[in-house]
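Written out below as structure tokens is the structure these notes cover.
Proteins get letters first, then strands, A, B, ... in listed order; numbering begins at 1 in each. A quick note: this is a predicted structure, and the numbers were derived from the prediction, not measured.
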Amino acid sequence: MTNKQIIDVLYEISELLELKNENKFKIRAYQKLAQFLSGYDKELDGIYKEKGKKGLMEIPNVGEGIAKKIAELIDTGKLKYLEDLKSGMPEGIENFLKIPGMGPKTAVTIAEKFKIKTVAELEKLLKEHKLKDMKGFGEKTEEKLLKGIDLYKKGQSRKLLGEAYPVAMGIVEDLKKNKHVEKISVAGSLRRMEETIGDIDILVVAKDAKSVMDDFCSMKIVKDIIAKGETKSSINTIFDMQADLRVVAKESYGAAMQYFTGNKTHNVLTRELAVKKGYKLNEYGLYKGGKLLAGEKEEDIYAELGLQYIPPELRTGGDEIEEAKKNNIPVLVEPGDIMGDLHVHTENSDGIDSIEKIADEAKKHGYKYMAITDHSVSLSVARGLDKSRLLKQIEAIDRINKRQKDFFILKGSEVDILDDGSLDYPDDVLKELDIVIGSVHRKFKMTKEEMTQRILKAMDNKYLNIIGHISGRMINEREAYEVDYEKVFDRAARTNTAIEINAQPVRLDLRDIYVREAVRMGARLAINTDAHRTEQFQYMFYGIGTARRGWAKKEDVINTLPLKDIIKWIKMKRT
DNA sequence: GCCGTTTTCGGCCCGACTGTTTTCAGTCG
């Protein structure tokens with residue numbers, strides 16, 4: 001049983017309890033744990049099989065009640081408690097909760113009164129105005145729910161970080177034109193650099209809030225206005241993403257940033273900490289009695305709570321607050337630390353730009369080096385290079401390198417890791433290269449054990465320096481194949497092989513929770529864009545965000561090294 | 001249902017906006 005399956009069950013229970021109008025703290029207990037587990041890098045299945053129920057109870061937010069349920073789930077694949085909850089419910093009612101604007105109260109009332117099970121039936125009722133006579137139910141509510149059903153039908157899957165960020169930046173640029181805007185920033189999951197984004201949160205400091213609200217609600221990309229108030233507005237955009245704007249006074253900017261950046265659990269934890277100290281924390285400031293202790297700067301809020309500053313990417317409601325108490329938050333890797341990109345494709349395989357153009361672009365990004373890593377011979381769909389084409393490319397790169405100072409192109413390849421773990425070029429070809437990435441591109445459906453052995457064997461090749469996009473996942477498109485990460489990281493640390501954080505928005509692979517595990521185990525990372533055109537160099541930003549979410553420091557990442565040190569590092573494995 | 005420099009019971013974060021409410025419930029983040 002995977003963590004994800006358990007997390008889904010926990011959420012399902014919390015939804016059903018909500019529908020039953022159960023104690024809200026009980027509901028929160030399930031949600032809290034579900035959220036905690038989504039950032040947890042250990043497999044519950046393994047913990048239970050090794051240490052039993054007791055082991056489960058060592059996990060934060062797991063007590064006796066839930067430990068018992070998880071144990072039953074792992075043992076039998078089923079949970080009686082959940083089935084009982086479901087059996088007392090109108091069938092299909094959980095779907096109603098997925099409609100924006102529809103909460104548990106409305107869902108239960110409607111389902112019970114009209115005996116309907118599907119969203120289609122609900123839509124029909126709404127269109128026939130059958131619900132209008134219900135208490136507290138007017139025309140506007142009817143309209144709101146119909147809009148909600150439209151959104152539901154589109155399947156509001158979360159957008160990729162790389163899709164949402166440019167939209168958010170567009171909004172920021174638009175709003176900056178308003179002369180009342182003193183400060184503006186993205187917040188929420190975007191600022192936390194989550195791999196997928198539900199909606200765009202933007203925070204503004206302005207004296208004339210109304211004028212900013214007006215501008216926000218009349219932007220070209222506005223599809224419809226969900227809410228418009230004095231300090232808060234929400235819109236739907238033509239990109240099928242919701243955007244929320246908050247306007248606060250200057251003295252509350254830090255408090256508001258703190259409040260709108262943390263995920264729900266992080267915020268609850270910080271506010272609980274405030275209460276324990278006899279303070280109150282809200283989006284306007286940290287207060288003791290009526291007195292404002294901190295508000296303008298985010299840093300001050302954490303300091304007054306007795307915490308080290310917690311970077312946005314770490315505010316996930318995991319153990320970051322405990323670590324901040326102990327001053328254990330590391331200095332995380334930053335964009336300025338990156339010295340070069342080690343995974344780039346050219347027109348010679350499935351990229352579109354020439355080596356020269358790519359090199360020029362890399363220099364513009366302030367890089368000191370880069371690696372050209374086209375595909376290897378087996379990957380014919382990507383026009384992988386055979387030996388003679390690869391040797392020709394090597395010569396070409398040598399010629400270009402002779403012409404330039406202060407920038408160096410490493411001759412590389414993204415070599416296929418074949419089914420048996422051998423590499424797609426023989427060693428006498430590999431040794432002509434400066435750097436080698438090994439990637440799995442085919443035969444994803446192996447068992448976990450087989451896939452792990454395949455990758456371990458590849459790492460034992462002394463010419464292999466980096467494992468590329470290790471899980472093969474494509475967010476919202478393709479599931480990751482299973483790998484035993486602990487074994488891979490251990491081997492990586494011992495063989496001087498780096499694990500890639502592939503910065504393509506659809507990949508972000510190695511993902512955040514495993515980055516942290518890799519760092520703990522002493523494996524090095526390489527943050528690469530896997531660019532197939534020069535515009536994709538900007539993806540580096542997303543890769544760094546993922547690294548930061550995994551608590552990675554500059555020294556954990558090989559492409560923060562100066563050229564001579566990275567060459568030294570590669571040679572270490574070859575000798 | 002979890003949790004404890006307020007330990008085994010009694011707490012458990014805080015506020016904005018909307019619709020239809022004549023004082024507030026429901027939803028959302």
Side-chain angles (χ1 to χ4, degrees), chain A residues 10 13-14 17-19 21-36 56-70 81 96-110 131-145 147-148 151 187-189 192 197-203 209 213 217 225-235 242-248 252 255-256 258-287 305-306 317 325:
Chain A
L10 292 170
I13 292 173
S14 82
L17 291 175
E18 217 169 8
L19 290 169
N21 205 13
E22 260 276 7
N23 180 314
K24 62 179 174 175
F25 299 109
K26 193 196 248 188
I27 298 168
R28 209 182 96 189
Y30 284 97
Q31 287 171 342
K32 203 172 163 187
L33 175 62
Q35 194 158 39
F36 176 82
L56 292 175
M57 284 174 67
E58 284 167 15
I59 300 165
N61 307 310
V62 179
E64 214 172 323
I66 294 186
K68 217 174 134 190
K69 294 187 177 75
I70 294 175
Y81 179 68
F96 290 3
L97 289 183
K98 298 191 181 101
I99 299 167
M102 169 93 76
K105 294 285 192 307
T106 321
V108 170
T109 315
I110 293 176
L131 302 178
K132 242 168 67 178
D133 305 330
M134 280 170 60
K135 190 164 168 266
F137 216 94
E139 239 171 79
K140 293 267 188 164
T141 310
E142 210 173 68
E143 247 173 63
K144 187 180 76 178
L145 286 180
K147 263 184 195 163
L151 286 174
S189 51
R192 294 199 304 275
I197 305 296
D199 54 28
I200 293 169
D201 292 307
I202 292 177
L203 191 65
M213 290 299 170
C217 292
I225 299 166
I226 301 165
K228 187 180 175 192
E230 282 172 29
T231 69
K232 181 185 167 184
S233 293
S234 294
I235 55 159
Q242 188 180 321
D244 298 337
L245 173 71
R246 293 289 296 238
V247 181
V248 296
S252 293
Q258 200 279 328
Y259 180 47
F260 292 112
T261 299
N263 79 348
K264 194 171 172 171
T265 311
H266 178 89
N267 286 348
V268 170
L269 291 172
T270 48
R271 266 174 270 156
E272 278 173 357
L273 188 60
V275 170
K276 269 185 205 146
K277 288 185 176 288
Y279 305 158
K280 184 172 83 163
L281 177 61
N282 59 25
E283 58 261 57
Y284 302 110
L286 180 67
Y287 299 89
L305 288 173
K325 277 183 194 166

Taking atom [atom1] in both [N] and [M], compute the distance separating them and give it to the nearest angstrom.
{"N": "B:dG26", "M": "B:dT20", "atom1": "C1'", "answer": "12 Å"}
{"N": "B:dA16", "M": "B:dT21", "atom1": "P", "answer": "24 Å"}
{"N": "B:dT6", "M": "B:dC2", "atom1": "P", "answer": "23 Å"}
{"N": "B:dC12", "M": "B:dT7", "atom1": "C1'", "answer": "15 Å"}
{"N": "B:dC28", "M": "B:dT23", "atom1": "P", "answer": "25 Å"}
{"N": "B:dC3", "M": "B:dT8", "atom1": "P", "answer": "16 Å"}

Whole angstroms only, please: what is the [atom1]-[atom2] distance between [X] and [N]?
{"X": "A:Glu18", "N": "B:dG26", "atom1": "CD", "atom2": "P", "result": "12 Å"}
{"X": "A:Asp244", "N": "B:dG15", "atom1": "CG", "atom2": "C1'", "result": "14 Å"}
{"X": "A:Gln242", "N": "B:dT27", "atom1": "CD", "atom2": "P", "result": "16 Å"}
{"X": "A:Gln258", "N": "B:dG29", "atom1": "CD", "atom2": "P", "result": "19 Å"}
{"X": "A:Asp201", "N": "B:dG29", "atom1": "CG", "atom2": "P", "result": "9 Å"}
{"X": "A:Leu19", "N": "B:dG26", "atom1": "CG", "atom2": "P", "result": "13 Å"}
{"X": "A:Leu131", "N": "B:dG19", "atom1": "CG", "atom2": "P", "result": "17 Å"}
{"X": "A:Ile202", "N": "B:dA16", "atom1": "CD1", "atom2": "P", "result": "20 Å"}

What N/O pairs connect the protein and nucleotides 1-4 of chain B at under 3.5 Å? Give each pair on its own line.
from	atom 1	to	atom 2	distance (Å)
B:dG1	OP1	A:Tyr30	OH	3.2
B:dG1	OP1	A:Lys69	NZ	2.9
B:dG1	OP2	A:Lys26	NZ	3.4
B:dC2	OP1	A:Gly63	N	2.7
B:dC2	OP1	A:Gly63	O	3.3
B:dC2	OP1	A:Ile66	N	3.0
B:dC2	OP2	A:Gly65	N	3.4
B:dC3	OP1	A:Asn61	N	2.4

Legend entry - Which residues share a side chain to side chain donor-acceptor pair (under 3.5 Å) with A:Asn21, sequence neighbours left out: A:Lys105
Assign [X] to base, sugar-phosphate, or nothing according to its heavy-atom contacts below 4.0 angstrom with the strands shown.
{"X": "A:Tyr284", "value": "sugar-phosphate"}
{"X": "A:Ser234", "value": "nothing"}
{"X": "A:Glu139", "value": "sugar-phosphate"}
{"X": "A:Lys228", "value": "sugar-phosphate"}
{"X": "A:Lys144", "value": "nothing"}
{"X": "A:Ile27", "value": "nothing"}

Legend entry - Who pairs with B:dT8 - Watson-Crick or G-U, where each distance is under 3.5 Å: none
Legend entry - Comparing A:Tyr259 and A:Asn282 on DNA chain B - which has the more 5′ nearest nucleotide: A:Asn282
Inset, instruction - Return the 5'-most residue of the pair A:Gly229, A:Glu142 with respect to DNA chain B, ranking by each residue's nearest nucleotide. - result: A:Gly229
Inset, instruction - Decide if atom NZ of A:Lys68 counts as having more than 12 heavy atoms of other residues, nucleotides or ligands within a radius under 6.0 Å. - result: no
Inset, instruction - For the side chain of A:Lys105, starting at C-beta, report the closest nucleotide among B:dA16, B:dG26, B:dG29. - result: B:dG26
Legend entry - Residue A:Glu230, side-chain heavy atoms: nucleotide from B:dT27, B:dC17, B:dG29 that is nearest: B:dC17
Legend entry - Side-chain N or O of A:Thr141 closer than 4.0 Å to phosphate OP1/OP2 of B:dT20: yes
Ignoring hydrogens, what is the shortest heavy-atom contact between [X] and [Y]? Give both atom names and the distance.
{"X": "A:Leu305", "Y": "A:Thr270", "answer": "CD1-O, 4.1 Å"}
{"X": "A:Ala107", "Y": "A:Phe96", "answer": "CB-CB, 4.0 Å"}
{"X": "A:Pro60", "Y": "A:Leu33", "answer": "O-CD1, 3.7 Å"}

Student check: side-chain heavy atoms of [X] and [Y] closer than 4.5 Å:
{"X": "A:Ile66", "Y": "A:Tyr30", "answer": "yes"}
{"X": "A:Phe36", "Y": "A:Thr265", "answer": "no"}
{"X": "A:Leu286", "Y": "A:Gln258", "answer": "no"}

Legend entry - Pair listing, salt bridge (Lys or Arg N to Asp or Glu O under 4.0 Å) test, anchored in residues 24-36 of chain A, at least two apart: A:Glu22-A:Lys26, A:Arg28-A:Glu272
